[in-house]
There are 2 protein chains.
Amino acid sequence: MKIERVLEENICECPAGLECSIEKTLEVLDGKWMFLIIRDLFDGVKRFGELKKSLEGISPKTLSVRLKELEAKGVVLRTAYPTVPPTVEYTLTEKGNSLKPIIIAMKLWGAKWG
Amino acid sequence: MKIERVLEENICECPAGLECSIEKTLEVLDGKWMFLIIRDLFDGVKRFGELKKSLEGISPKTLSVRLKELEAKGVVLRTAYPTVPPTVEYTLTEKGNSLKPIIIAMKLWGAKWG
DNA sequence: AAAAGTAGTTACATAAAAGTTACCATTGAA
DNA sequence: TTCAATGGTAACTTTTATGTAACTACTTTT
């Protein structure tokens with residue numbers, strides 16, 4: 001569906017008896033850390049420690065839990081290399097990459113109104 | 001800034017020492033109810049009771065608190081009429097309306113991947 | 001006289017998300 | 001032999017968000 005088309009439509013129009021598609025998106029993007037982790041991954045491949053450093057204030061526990069959720073939802077791909085000490089890389093999957101318009105729109109809004 | 005331009009840029013690029021603009025957006029859009037309330041208001045003017053009905057599961061307390069936050073942030077306009085019983089209408093301000101691209105992007109993503 | 005209707009508020013309880021601190025395994029380097 | 005480095009985990013506490021149930025004010029309708 002073209003975005004121009006959607007812009008003309010009723011934003012609330014949802015298939016009868018079905019969950020609204022915004023709510024489905026919110027199941028993945030639930031909470032600020034999800035947005036920020038994904039934003040960081042648009043920068044390219046990242047390791048656990050890199051994410052932890054750039055996401056100021058996140059605890060290792062929260063980062064670990066959130067990354068697992070994103071992996072389980074097919075948004076993030078985790079690749080572990082058997083080095084010592086261990087090397088683990090996180091990247092966005094195709095599904096994760098397709099979140100870009102949302103992140104871009106939020107970035108633009110924040111720049112203008114935030 | 002044109003969206004095509006932004007799409008080419010590094011999504012993480014933030015002014016040095018300054019808060020990232022996505023984080024500023026997240027100060028307004030914090031939590032699922034914010035997204036859903038705003039989505040409903042794109043449908044047009046709404047009264048408290050209407051919002052409460054369409055936002056399935058929201059408690060009057062949460063709706064009240066969230067609407068006040070949105071009003072304080074300049075996203076929502078509250079208009080009370082001195083009728084009996086009272087009539088109160090909620091609408092999006094210009095700032096609130098400008099959130100549309102975010103909501104649209106989320107709706108499209110949810111429809112495709114959710 | 002009591003009920004209905006709107007837009008909430010209040011006090012209390014619960015659940016979910018997040019933070020804190022300490023800790024583990026492995027192995028090459030100092 | 002002890003330290004550093006990576007990518008976490010475990011137990012516990014705190015914070016934040018949300019829900020529940022009852023209640024308010026005011027006036028018209030039954």
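Numbered from 1 within each chain, the chains take letters A, B, ... in sequence-line order.
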J.: Can you measure B:Leu29 atom CG to D:dA17 atom P for me and round it to whole angstrom units?
T.: 14 Å

J.: Can you measure B:Leu55 atom CG to D:dA17 atom P for me and round it to whole angstrom units?
T.: 18 Å

J.: Does any part of the side chain of A:Met106, heavy atoms only, come nearer than 4.5 Å to the side chain of A:Phe35, both counted from C-beta?
T.: yes

J.: Inspect the contact between B:Glu71 and B:Arg66 and indicate whether a charged nitrogen and a carboxylate oxygen are less than 4.0 angstrom apart.
T.: no

J.: Would you mind reading off the distance between A:Phe48 atom CZ and C:dA25 atom C1', rounded to a whole angstrom?
T.: 16 Å

J.: If you pin A:Lys32 and B:Glu50 to their nearest nucleotides in DNA chain C, which one's is more 5'?
T.: B:Glu50

J.: In whole angstrom, give the distance that lies between atom CG of B:Leu63 and atom P of D:dT18.
T.: 11 Å

J.: Under a 4.0 Å N-O cut-off, is there an ion pair linking B:Glu27 with B:Lys24?
T.: no

J.: So which one's nearest nucleotide on DNA chain C is more toward 5', B:Arg78 or A:Asp30?
T.: B:Arg78

J.: Quick one: is D:dT9 close enough that its OP1 or OP2 comes under 4.0 Å of any side-chain N or O from A:Ser64?
T.: yes

J.: What is the distance from CD of B:Glu27 to P of D:dA17, rounded to the nearest Å?
T.: 13 Å

J.: Within the modelled atom types, does a donor on one side and an acceptor on the other bring the side chain of A:Lys61 and the base of D:dT9 under 3.5 Å apart?
T.: no

J.: Please assess B:Glu23 against A:Arg39 for the test salt bridge (Lys or Arg N to Asp or Glu O under 4.0 Å), listing each intermediate value before the final yes or no.
T.: CA-CA 10 Å; B:Glu23 288 172 47; A:Arg39 173 202 62 186; 3.2 Å; yes

J.: Classify the nucleic acid contact of B:Tyr81 as base, sugar-phosphate or nothing, counting any heavy atom under 4.0 Å across all strands shown.
T.: nothing

J.: Quick one: A:Glu71 CD to D:dG7 P, roughly how many Å, whole number?
T.: 14 Å

J.: Measure the distance from CD on B:Glu56 to P on D:dT18 and round it to the nearest whole Å.
T.: 17 Å

J.: Report the distance from atom CD1 of A:Ile58 to atom C1' of C:dA17, rounded to the nearest whole Å.
T.: 11 Å

J.: Looking at every strand, decide which applies to A:Thr83 at a 4.0 Å heavy-atom threshold: base, sugar-phosphate, or nothing.
T.: nothing

J.: Counting just side-chain N and O atoms, does A:Tyr90 come under 4.0 Å of either OP1 or OP2 of D:dG8?
T.: yes

J.: With a non-hydrogen cut-off below 4.0 angstrom, is B:Gly31 in contact with a base, only sugar-phosphate, or nothing?
T.: nothing

J.: Salt-bridge test for A:Lys53 and A:Asp40: reply yes if a basic N is under 4.0 Å from a carboxylate O, no otherwise.
T.: no

